Colleague: 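For reference, the structure I am asking about is given below.
The shown structure was predicted, so the numbers you read here are calculated from the model rather than taken from an experiment. The basis for the numbers below is simple: all heavy atoms, side chains too, and nothing from hydrogens, waters or symmetry mates.
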Amino acid sequence: MRSLPILDSFDPSRFPVPADAPAPDLPIEFNAQGTSDTARTFHENESVVHFLHFVCCHSGFLSTLLRREPETLAAVLTDGPDSVMAHCLSALPDLDREDLDEKEFMRGLRRAKRKVALTVAVADLLSLWPLERITGALSDLAESALERSARRALRQWRGAPGTDGFTILGMGKFGSRELNYSSDIDLIVLYDAERLVADDPDRLRQDMVRVTRQIMRFMDERTGDGYVFRTDLRLRPDPSATPLALSVRAAESYYESVGQNWERAAMIKARPVAGDQALGMEFLTHIRPFIWRKYLDFAAIQDIHSIKRQINAYRGGASIAIDGHNIKIGRGGIREIEFYAQTQQLIWGGRQPDLRVKATCAALAQLAAHGHADPTAVRDLTIAYEFLRRLEHRLQMVADQQTQTVPDTEDDLAAIARFMGFAVPDDFRAALRGHLETVAGHYARLFEESPDLGGGGSLVFTGTEDDPDTLQTLADMGFAQPSHIAGRIRVWHHGRYRATRSERSRQILTELMPRLLQAFADTANPDDAFLRFDSFLSGLPSGVQLFSLFQMHPTLLDLLSEILGSAPRLAEVLARKPILLDSVISEDFYEPLPKETGPDEELSAALGLTQDFQDVLDAVRRWANDRKFRVGVHFLRGLADGDHVGPALSAVAEAALAAILPAAEAEFAEMHGRVPGADLAVVAFGKLGGGELLPLSDLDLVFVYDPDPDVAESDGPKPIGPQVYFLRLCQRLVTAITTETGEGKLYEVDGRLRPSGNAGPLATQFEGFDKYYRLPDGEAWTWEHMALTRARTVYGAPELRKRLETAIHGALVQRRDPAKLFIDVDDMRERIAREFPPNSPWDVKYRRGGLVDVEFIAQALQLTHAADNPAILSPNTALALERLHDAGFLQTAAFEDLRSALALWRGMQAAIRLTAASGKFDAQSAPDGQKRVLARTAGVETFDGLTPLMERAADKVSAHYAALIAEPAARYRAAREASEG
């Protein structure tokens with residue numbers, strides 16, 4: 001009789017069998033009728049008989065597997081599970097044969113699944129494998145089966161082998177190699193249109209969806225042989241609105257624009273599992289900055305914490321019911337252990353790559369090793385995780401169902417207790433309760449410093465599935481259709497509406513959700529109230545300020561008192577034009593500030609009511625001043641920072657120009673007509689060119705026209721030549737912008753940045769503009785090339801604007817003499833220091849280490865490297881710094897210091913201009929309210945902390961200016977002097 005060393009230490013007490021359990025219905029190979037040595041060995045071995053009796057009385061699914069795969073059990077008991085597993089996996093590549101028909105292919109996959117399922121079950125029940133080997137074996141099978149399915153589906157599509165350009169990412173437990181016994185496999189299917197050779201490129205998207213459906217059918221269609229794995233593609237970007245297979249570019253765009261923190265948590269575990277592995281890795285590398293942020297702002301960390309706090313809005317105290325408890329998503333369950341690790345990984349993993357591990361227990365260990373988790377908590381959580389995962393497997397082995405819920409009847413719970421090795425159900429209850437309460441305690445302590453979201457139950461809207469506890473919470477609040485409500489909220493979180501596309505709006509929404517839902521619940525019909533809000537939300541252009549409004553509950557009086565107490569400059573504006581208060585109570589006043597120029601319905605409506613040119617001037621000023629006041633209030637109340645003010649005010653200026661300049665041209669044409677074949681465009685320099693306009697900023701404008709050389713004069717009642725025509729027209733345009741009417745002033749215009757400055761004509765011909773910046777013969781000085789880095793067209797004929805942009809780009813990408821460039825830049829900085837000495841540390845533009853130094857660094861480096869790296873160019877200083885950093889021309893420390901200082905100086909400039917009546921800040925006489933605005937703008941708790949912050953920022957910028965500009969300039973000067981000497 002053969003020995004079975006695997007069962008030498010078999011302890012029957014660990015496998016309790018009810019006394020009245022019937023004898024198992026075993027295959028003949030395991031009964032006395034068997035005549036082989038193996039049959040006699042199994043029949044006569046009491047351990048085998050007891051183990052099989054235990055398995056069959058607790059799992060109908062495993063009992064069926066035993067009857068269908070007796071040879072597999074025999075191999076496991078005699079040769080060990082590792083040998084059987086290796087044999088199963090090594091046979092799977094044989095299914096790639098082209099001569100194998102589809103039925104045999106699917107049968108082969110399902111036979112392999114049966115063998116592996118039985119092998120894993122025996123290894124698990126007999127404790128032959130640790131947990132990671134159990135889950136890893138299931139993951140190995142899923143990966144190999146998925147690869148076979150992908151290869152076959154792609155071969156059927158294109159008639160040739162290969163998976164280039166098509167990749168499948170494993171998500172969740174599949175990605176981390178932690179599959180449970182009856183797990184779905186979460187997938188994201190991606191393809192690269194440039195790598196896939198398609199007969200009909202226009203149908204590629206539909207074809208990839210068909211290929212994906214075929215793969216899913218190979219894997220999860222139930223046949224007489226069973227199924228392989230259920231597939232789930234709902235973790236792909238915005239699953240209710242996107243196809244099953246996405247292009248890599250579309251997926252990248254999604255994560256870079258509206259990806260959510262819970263999706264970042266999900267992507268921690270992502271890995272390529274089938275198809276083009278290189279493509280999968282390239283994609284994950286590309287979105288690494290989305291997953292792993294090196295620096296998180298407070299709002300992002302709060303949003304990560306709120307993932308947990310939504311799941312369990314109440315803390316501590318509540319009892320855990322064992323009967324009927326969901327050990328995955330219930331309190332103290334597997335999900336809490338996973339989120340304990342993932343939330344901390346998101347916060348710290350951007351700076352510490354060692355934390356970017358996928359497996360839960362490994363992540364916990366790394367967090368403890370790096371001091372981000374208590375070692376005792378990690379030990380407890382790891383033990384609980386292994387217990388809960390093994391219980392999860394037992395629950396699923398009963399009938400091969402995807403369940404994590406403990407039975408709620410006494411008999412069924414007693415059975416699962418015995419399946420776990422507990423002869424007494426109460427002992428099982430005690431053990432499970434201990435683990436659940438331990439997990440819940442550590443989980444609550446992890447977030448105990450975070451403010452409570454309120455509410456009385458679970459509110460989970462992350463992921464793609466309805467959370468049962470959340471549905472119950474919504475039902476208890478009075479919602480008749482909780483599943484529909486939860487689905488609409490997930491739509492918000494997916495950024496499907498414009499109002500929830502920004503990360504900030506979604507962060508606020510997460511915090512706001514319990515109070516928002518309670519407000520609806522307090523109405524007569526909660527579902528109708530919610531749906532009306534959903535409809536309203538879908539039509540909003542943006543949502544940040546609306547959500548902020550709900551949080552802060554502002555009133556007109558609150559605003560007025562704040563303006564009077566802390567913003568003398570705004571108070572003066574309000575005193576001159578109190579009608580501005582009417583705009584505060586308008587429905588759109590607190591909506592987000594626009595970042596880009598676009599049609600404004602209110603302005604269009606106002607222009608539609610005008611009767612003459614004077615009406616147009618007044619209407620544009622009225623609209624623009626309302627908008628500028630609104631920007632000031634947003635900034636004052638902390639609804640927008642310095643980085644937001646610039647784009648918003650720039651958008652207002654461009655919209656005003658787009659409204660007033662055509663009217664001025666038309667008014668001028670009434671007398672002088674038009675110049676046939678000639679076009680005019682306006683180029684913005686400086687802060688408007690960079691989209692960085694601040695309160696009270698002038699507009700640096702250059703007017704460029706392109707005449708037809710064959711046209712001698714305009715076609716109006718009083719014709720004039722093209723040169724005189726455009727000179728007078730541009731004078732008229734400047735007057736239209738700068739004239740003060742009954743509605744106040746619009747902007748001052750500065751034309752000194754035009755070619756040849758004040759010595760040149762107000763209107764410049766395109767050819768002259770183009771030649772002026774050409775090296776080496778152009779007349780432009782180095783400082784004019786620096787100014788050109790911030791130039792962009794803001795008005796005019798599209799074709800001429802396009803040509804101007806091309807000319808500007810061409811001028812900036814010219815190769816330059818670095819010695820001349822750096823010496824000129826540094827000389828210009830010293831000249832500015834002499835002519836515009838800072839009058840106080842609060843002169844953040846001209847002080848050493850201030851705004852000018854940051855801008856000079858960005859401009860000089862762009863001019864230095866643009867010839868070989870044109871992608872670094874941007875008229876926006878912040879974006880230029882980012883591109884220089886990404887291209888390797890700014891070290892990370894320098895980039896972070898300069899970008900941080902730029903934001904600080906912009907915010908300080910905006911705050912001082914808005915709050916200081918003279919435009920200059922005096923710390924000795926400034927009211928407390930003004931100081932609070934400046935402190936809040938800088939992100940410090942008190943005004944006393946602002947000066948040290950500014951000094952540190954200025955010192956860092958000065959050091960970087962010296963290293964990047966001044967010191968190279970000094971070396972070039974020395975070399976030039978040595979050469980000349």
Side-chain angles (χ1 to χ4, degrees), residues 654 657-658 660-686 688-689 698-716 718-738 749-814 873 875:
E654 290 185 57
L657 292 177
I660 206 168
L661 295 185
E665 285 189 89
E667 194 261 351
F668 184 78
E670 290 178 4
M671 179 176 292
H672 298 293
R674 308 277 182 176
V675 179
D679 291 323
L680 174 71
V682 180
V683 181
F685 284 68
L688 178 57
D698 295 343
L699 304 185
D700 293 300
L701 302 179
V702 173
F703 301 88
V704 181
Y705 68 99
D706 190 27
D708 185 340
D710 297 326
V711 176
E713 59 184 14
S714 63
D715 58 8
K718 293 185 178 182
I720 51 179
Q723 186 173 1
V724 176
Y725 179 96
F726 282 103
L727 174 61
R728 293 183 182 176
L729 171 61
C730 293
Q731 290 172 339
R732 186 68 59 87
L733 298 181
V734 170
T735 300
I737 298 170
T738 58
V749 172
D750 190 338
R752 290 175 295 176
L753 290 178
R754 64 185 183 271
S756 300
N758 285 339
L762 184 59
T764 304
Q765 286 197 35
F766 172 78
E767 184 177 359
F769 181 94
D770 189 23
K771 288 181 178 180
Y772 188 75
Y773 296 97
R774 290 184 189 172
L775 298 175
D777 300 323
E779 299 176 20
W781 294 67
T782 297
W783 70 266
E784 291 176 294
H785 285 269
M786 294 167 65
L788 195 65
T789 63
R790 303 179 72 186
R792 65 185 176 94
T793 62
V794 293
Y795 173 78
E799 181 59 30
L800 180 55
R801 290 183 66 174
K802 183 176 181 181
R803 293 172 61 201
L804 274 168
E805 294 288 356
T806 301
I808 293 169
H809 182 82
L812 295 176
V813 298
Q814 298 175 102
L873 293 173

Colleague: Using modelled atom types and a 3.5 Å cut-off, is there a donor and acceptor pairing between side-chain atoms of H672 and backbone atoms of G716?
Modeller: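 Answer holds: no.
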Colleague: Could you tell me which residues satisfy side chain to side chain contact (heavy atoms under 4.5 Å, CB included) with E805, sequence neighbours excluded, listed by chain and number?
Modeller: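 Applying side chain to side chain contact (heavy atoms under 4.5 Å, CB included) to E805 gives R792, T793.
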Colleague: Using the rule given for side-chain contact (heavy atoms from CB on, under 4.5 Å), can you reason through L804 versus D770, listing the C-alpha separation, both sets of side-chain angles and the distance that settles it, and then say yes or no?
Modeller: CA-CA 8 Å; L804 274 168; D770 189 23; over 6 Å; no
Colleague: With rounding to the nearest 0.5 angstrom, report the OH to CG distance, Y795 to L661.
Modeller: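 Y795 atom OH to L661 atom CG measures 5.0 Å (nearest 0.5 Å).
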Colleague: S714 and P719: which non-hydrogen atoms are nearest, and at how many Å?
Modeller: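 Scanning both residues, the minimum pair turns out to be O-CB, 3.1 Å.
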Colleague: Looking at P676 and V711, what are the two nearest heavy atoms and their distance?
Modeller: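 The answer is O-CG2, 3.3 Å.
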Colleague: What are the two closest heavy atoms between V702 and P755, and how far apart are they?
Modeller: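 Where V702 meets P755 most closely, the heavy atoms are CG1-CD, 4.2 Å.
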Colleague: Could I get the full list of side-chain hydrogen bond (donor to acceptor under 3.5 Å, both in side chains) partners for K802, not counting sequence neighbours?
Modeller: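 K802 satisfies side-chain hydrogen bond (donor to acceptor under 3.5 Å, both in side chains) with no other residue.
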Colleague: Find the distance between CG (L873) and OG1 (T789) and round it off to the nearest 0.5 Å.
Modeller: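 Answer for the CG-OG1 pair, L873 versus T789, is 8.5 Å.
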Colleague: Say you draw a straight line from NE2 of H785 to CG of L812; how long is it, rounded to the nearest 0.5 Å?
Modeller: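 Those atoms lie 8.5 Å apart.
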Colleague: List the atom of A678, the atom of P707, and the distance in Å for their closest heavy-atom pair.
Modeller: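 Distance-wise, the nearest heavy atoms are CB-CA, 3.8 Å.
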Colleague: Just to verify, what does F726 make a ring-ring contact (aromatic ring centres under 6.0 Å, His included) with, not counting sequence neighbours?
Modeller: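 Only Y705 meet the ring-ring contact (aromatic ring centres under 6.0 Å, His included) criterion with F726.
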Colleague: For L733 and A664, which heavy atoms make the closest approach, and how far apart are they?
Modeller: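 Distance-wise, the nearest heavy atoms are CD2-CB, 3.5 Å.
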Colleague: Among residues at least two apart in sequence or on other chains, which ones pass side chain to side chain contact (heavy atoms under 4.5 Å, CB included) with A684?
Modeller: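 Side chain to side chain contact (heavy atoms under 4.5 Å, CB included) check on A684 returns L688, L701, V794.
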Colleague: Sorted by first residue and then second, give each salt bridge (charged side-chain N to carboxylate O under 4.0 Å, His left out) pair with at least one member in residues 698-713; sequence neighbours left out.
Modeller: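 Those involving residues 698-713 are D706-R803.
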Colleague: Could I get the full list of side chain to side chain contact (heavy atoms under 4.5 Å, CB included) partners for L762, not counting sequence neighbours?
Modeller: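 For L762, the residues satisfying side chain to side chain contact (heavy atoms under 4.5 Å, CB included) (neighbours in sequence not counted) are F703, L727, C730, Q731, V734, R754.
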Colleague: Would you mind listing every side chain to side chain donor-acceptor pair (under 3.5 Å) that reaches into residues 721-730, with sequence neighbours excluded?
Modeller: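 Every pair satisfying side chain to side chain donor-acceptor pair (under 3.5 Å) with a residue in residues 721-730: there are none.
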Colleague: Show every donor-acceptor pair shorter than 3.5 Å between a side-chain atom in residues 775-782 and any protein atom, with sequence neighbours excluded, or say none if there are none.
Modeller:
from	atom 1	to	atom 2	distance (Å)
T782	OG1	D824	OD2	2.6

Colleague: Quick one: list whatever passes ring-ring contact (aromatic ring centres under 6.0 Å, His included) with Y772, sequence neighbours left out.
Modeller: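 For Y772, no residue satisfies ring-ring contact (aromatic ring centres under 6.0 Å, His included) once neighbours in sequence are set aside.
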Colleague: Check L788, L699, D750 against F685 for a side-chain contact (heavy atoms from CB on, under 4.5 Å) and give me the one that passes.
Modeller: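 Answer after filtering L788, L699, D750: L788.
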Colleague: With sequence neighbours excluded, what pairs up with E667 under the side chain to side chain contact (heavy atoms under 4.5 Å, CB included) test?
Modeller: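 Listed in chain order: F613, R732.
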Colleague: With sequence neighbours excluded, what pairs up with D715 under the salt bridge (charged side-chain N to carboxylate O under 4.0 Å, His left out) test?
Modeller: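 Listed in chain order: nothing, the list is empty.
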Colleague: Tell me, with the steps shown, if L680 and E665 meet side-chain contact (heavy atoms from CB on, under 4.5 Å).
Modeller: CA-CA 10 Å; L680 174 71; E665 285 189 89; 4.1 Å; yes
Colleague: Under the rule for salt bridge (charged side-chain N to carboxylate O under 4.0 Å, His left out), what residues qualify as partners of E799, not counting sequence neighbours?
Modeller: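 None.
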